[in-house]
Amino acid sequence: MKLTDLSEIKSLMDRHSVTFKKKYGQNFLISPTIPERIADAAVSGMPEGARGILEIGPGIGTLTQPLAERADKVVALEIDESLIPILGETLANFNNVKIINQDVMKTDLAELRETEFGSEFKLSVAANLPYYITTPILMKLIESGISFESITVMVQKEVASRLCAAPGTPDYGAITAVLAYYGRCERLFTVSSGCFVPAPKVDSAVVRLNLYKTPEISVADSNELFRVIRGAFAQRRKTLSNSLLTEYSALGRDIVNDAIRSSGYEPSVRGEALSCADFARIADYFTAIKAEKSENK
């Protein structure tokens with residue numbers, strides 16, 4: 001069964017009385033080369049015999065099939081209950097695939113990793129993510145505490161630009177800086193809207209986040225780092241001093257400005273000019289000030 005063939009997709013869905021659901025952002029691939037390329041990227045660098053893949057949103061199994069051909073075990077989370085019988089049919093020939101009818105945002109990923117993969121497998125993620133929930137899913141994955149080898153996802157092209165942007169560019173934002181703490185993001189290739197059914201209004205792109213085993217950026221308190229990043233981009237049009245002052249009003253402008261200078265920049269700079277390492281230096285300054293204030297109480 002060729003799952004990228006439009007007539008096959010229609011026949012499959014008609015047979016199971018299934019329709020596309022806009023609320024889940026369902027767009028199925030009809031280009032045969034794209035799933036193969038995503039699957040190749042997902043298992044790249046993983047040791048043979050220990051390749052585990054967590055797939056999010058398998059749909060009708062278009063990406064699941066090539067993943068199952070390359071990995072030793074695939075566990076796929078599908079939120080749409082109506083697609084489960086279809087997946088049972090399209091993946092019937094694969095004994096290394098398990099489909100779980102569950103919302104990834106409501107799934108205990110650490111528990112799933114332990115029960116489904118244990119310590120036997122290295123684990124990577126592959127997904128064609130719905131546009132409306134890309135960032136929450138990515139943050140859920142990287143904050144799960146799981147040591148993923150990589151996360152390979154297809155997202156809206158504009159989102160891909162933000163995820164992989166460099167400091168000082170228009171696309172650079174809070175999510176870019178946060179991801180830079182966890183790993184290195186690379187944009188692999190673009191996927192035109194015509195490669196999907198139904199065709200979305202925008203093109204997509206595939207990105208791969210290569211996760212660090214240990215963060216390369218040293219920071220005393222990662223939560224303080226993320227607070228600084230959040231404050232820096234909360235009001236993009238303002239200077240970094242004014243943006244951070246909103247988040248750190250209790251510390252006062254002088255301390256906020258001194259913290260910015262500790263990163264090598266003047267308070268008049270805007271947040272998008274700073275790298276994650278720069279934000280880490282600001283966070284460490286705030287952490288030290290807070291500790292000093294606490295000791296002097």
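For the pair C164/R187, a side-chain contact is recorded, criterion being any heavy-atom separation below 4.5 Å from C-beta on. For the pair L123/F121, no side-chain contact is recorded, criterion being any heavy-atom separation below 4.5 Å from C-beta on. Taking the side chain as every heavy atom from C-beta outward, K122 and F117 never approach each other to under 4.5 Å. Using a 4.5 Å cut-off on side-chain heavy atoms (C-beta onward), E224 and V219 make no contact. Between I282 and L274 the shortest side-chain heavy-atom distance falls below 4.5 Å. Side-chain contact check for T107 versus D103: every heavy-atom pair is 4.5 Å or farther apart. The shortest distance between side-chain heavy atoms of S241 and I260 falls below 4.5 Å. With contacts defined as side-chain heavy-atom distances shorter than 4.5 Å, the pair N128/V153 does not qualify.
Closest non-hydrogen pair, L163 versus T176, comes out as O-CG2, 3.6 Å.
For the pair R227 and F279, the cation-pi test (distance below 6.0 Å, angle within 45°) is failed.
Between Y181 and F226, the two ring planes are perpendicular [angle over 60°; tilted spans 30° to 60°]. Taking the six-membered ring where the residue is Trp, F286 and Y248 present parallel rings, their angle staying beneath 30° rather than reaching 60°.
For R37, the side chain to side chain contact (heavy atoms under 4.5 Å, CB included) partners at least two apart in sequence or on another chain are F189.
The hydrophobic cluster containing L129 also contains V159, counting ILVMFWY residues as joined when their side-chain heavy atoms lie under 4.5 angstrom apart, directly or transitively.
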**Request:** Would you sort out whether R15 and E89 count as a side-chain contact (heavy atoms from CB on, under 4.5 Å), showing the intermediate values?
**Result:** CA-CA 11 Å; R15 194 160 62 250; E89 178 181 340; 2.5 Å; yes
